[in-house]
Enquirer: 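I am attaching a structure below and will ask some questions about it afterwards.
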2 protein chains.
Amino acid sequence: MDRRQKKTRAAIFTAFSSLLAEKSYGRITVQDIIDAADVGRTTFYAHFETKDDLLRELCKELFGHIISSAMDCTHTHGLYSDGRAPESVFCHLLQHLEENDNNILGLLSCESSDIFLRYFKDSLNELIRTQFVGRDKSASPAVPQYFLVNHISGSFVEMVLWWIKGGRKQTPQELDRYFRAVIEPVL
Amino acid sequence: MDRRQKKTRAAIFTAFSSLLAEKSYGRITVQDIIDAADVGRTTFYAHFETKDDLLRELCKELFGHIISSAMDCTHTHGLYSDGRAPESVFCHLLQHLEENDNNILGLLSCESSDIFLRYFKDSLNELIRTQFVGRDKSASPAVPQYFLVNHISGSFVEMVLWWIKGGRKQTPQELDRYFRAVIEPVL
DNA sequence: TTAATAGCAAACATTTTGTTCTGTTTTATT
DNA sequence: AATAAAACAGAACAAAATGTTTGCTATTAA
């Protein structure tokens with residue numbers, strides 16, 4: 001890919017993210033985006049079919065990073081802390097969020113956060129499902145495993161949303177403690 | 001309010017709900033709505049300021065019903081089954097959903113379900129918070145109560161979404177069992 | 001260096017929005 | 001039953017947004 005293409009693509013992503021901080025997704029027009037990114041109209045449509053397409057691509061990029069990083073984490077530490085490792089994957093994820101490399105927090109706290117939350121949960125769901133296969137087979141026979149997987153990923157994203165909307169008063173470690181307090185008894 | 005007003009308002013709601021089953025919220029135009037509802041353009045704008053306004057009003061109406069019904073339920077039964085009452089509020093809510101009086105299930109399973117899910121969670125959150133005040137003060141000192149409230153409402157809506165997307169294979173009673181299995185240990 | 005590619009700007013047809021107008025139908029009241 | 005008030009329909013409208021096309025320039029990779 002051309003250097004310019006990457007640069008333009010990045011410029012559009014950045015402009016789009018900034019706009020999401022001030023307006024809802026629905027109120028952002030393509031004109032807003034190309035003005036903010038300072039690219040031509042033709043260029044925008046050369047990169048993305050529609051505004052929705054741009055949204056999808058942005059999500060792919062952002063959550064792709066954070067989840068694959070968490071994947072690596074589970075390979076070395078396991079899904080949960082095992083006594084040796086000090087923190088769970090969830091703490092890792094929260095810390096990653098707090099660092100906010102790519103303004104994920106901005107997207108999750110904007111007016112249209114729902115959209116991103118779904119993408120986030122989908123990614124997370126896959127992470128948890130793959131890590132769960134073959135684990136804890138005997139535990140919690142009252143609840144099917146596929147229910148549990150959704151419960152965990154669902155609770156997590158809802159917690160993150162709650163955290164952000166509340167102004168991020170808790171540290172990732174604190175949140176991790178809470179989360180494990182409500183999840184581990186079930187496992 | 002005029003008889004006609006109610007009728008027209010209902011017609012618009014119905015048309016809007018039907019449209020949501022086939023198109024995403026973003027792709028539905030006001031023209032679509034007034035065609036489907038068979039009302040004039042002027043009439044639509046006399047009832048609702050914008051399409052977003054229509055959405056808000058619809059949510060208010062739908063979730064208002066289901067939550068106030070649940071409120072009554074908690075007055076007689078308590079938030080959870082207490083041994084005498086056979087089912088929790090959550091089961092009551094699920095049964096209410098399954099009956100699907102006002103096509104809430106349709107809205108929660110449509111392409112734009114996120115929007116409705118947020119409204120649903122907000123309503124639910126209030127229900128749980130009001131019922132929680134002064135209860136279980138000694139329980140779970142590891143986790144603040146305001147965290148718990150969000151955890152419960154969040155888990156619930158995520159479960160409902162999972163239930164619907166999976167084709168509603170479980171009965172409300174079954175789901176209620178699962179849900180209590182993952183929530184009650186924490187209380 | 002040069003051919004290919006990426007970009008810009010302007011113009012465009014089309015769609016959607018929200019408003020305004022005129023005239024008709026329905027409702028509530030007497 | 002007559003009447004005034006309201007709610008409605010339909011059409012026409014300006015303004016805004018979308019997505020495409022055209023002609024031209026700048027950059028890159030070879």
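Bear in mind that the values here come from a model prediction, so they are computed numbers and not experimental data.
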Enquirer: For every nucleotide of nucleotides 24-30 of chain D, 5' to 3': is a protein heavy atom under 4.0 Å from its base (B), only from its sugar-phosphate (S), or from neither (-)?
Expert: --BBSS-
Enquirer: Spell out protein contact along nucleotides 16-23 of chain C as letters: B when the base is contacted, S when just the sugar-phosphate is, - when no protein heavy atom is under 4.0 Å; keep the 5' to 3' order.
Expert: SBBBBB--
Enquirer: Any side-chain donor-acceptor pair under 3.5 Å between B:Ser112 and B:Ser24?
Expert: no
Enquirer: In whole Å, I'd like the distance from the CG atom of A:Asp35 to the P atom of D:dA16.
Expert: 14 Å
Enquirer: Under a 3.5 Å distance rule, please check whether B:Ser69 uses its side chain to pair with a backbone N or O of B:His65 as donor and acceptor.
Expert: no
Enquirer: B:His47 side chain N/O closer than 4.0 Å to the phosphate oxygens (OP1, OP2) of D:dC8?
Expert: yes
Enquirer: Can you tell me the distance, in whole Å, between the CD1 atom of A:Ile34 and the P atom of D:dT20?
Expert: 14 Å
Enquirer: Are side-chain N/O atoms of A:Gln31 and A:Arg41 paired as donor and acceptor at under 3.5 Å?
Expert: yes
Enquirer: Please tell me whether A:Thr29 and A:Asp32 have a donor and an acceptor in their side chains that are separated by less than 3.5 angstrom.
Expert: yes
Enquirer: Are A:Asp52 and A:Tyr25 close enough that a side-chain donor and a side-chain acceptor fall under 3.5 Å?
Expert: yes
Enquirer: Could you check how far CD1 of A:Ile33 sits from P of D:dG19, rounded to whole Å?
Expert: 11 Å
Enquirer: Let me know the distance between CG of A:Leu54 and P of D:dT18, rounded to the nearest Å.
Expert: 12 Å
Enquirer: If every non-hydrogen atom of A:Ala36 is compared with every non-hydrogen atom of A:Leu19, which pair is closest and at what distance?
Expert: CB-CD1, 4.2 Å
Enquirer: Distance-only, no hydrogens or angles: does the B:Asn103 side chain make a donor-acceptor pair with backbone N or O of B:Leu107 under 3.5 Å?
Expert: no
Enquirer: Quick check on the 6.0 Å ring-centre criterion: do B:Phe13 and B:Phe48 meet it?
Expert: yes
Enquirer: Could you state the CG-P distance from B:Asp38 to C:dT25, rounded to the nearest angstrom?
Expert: 15 Å
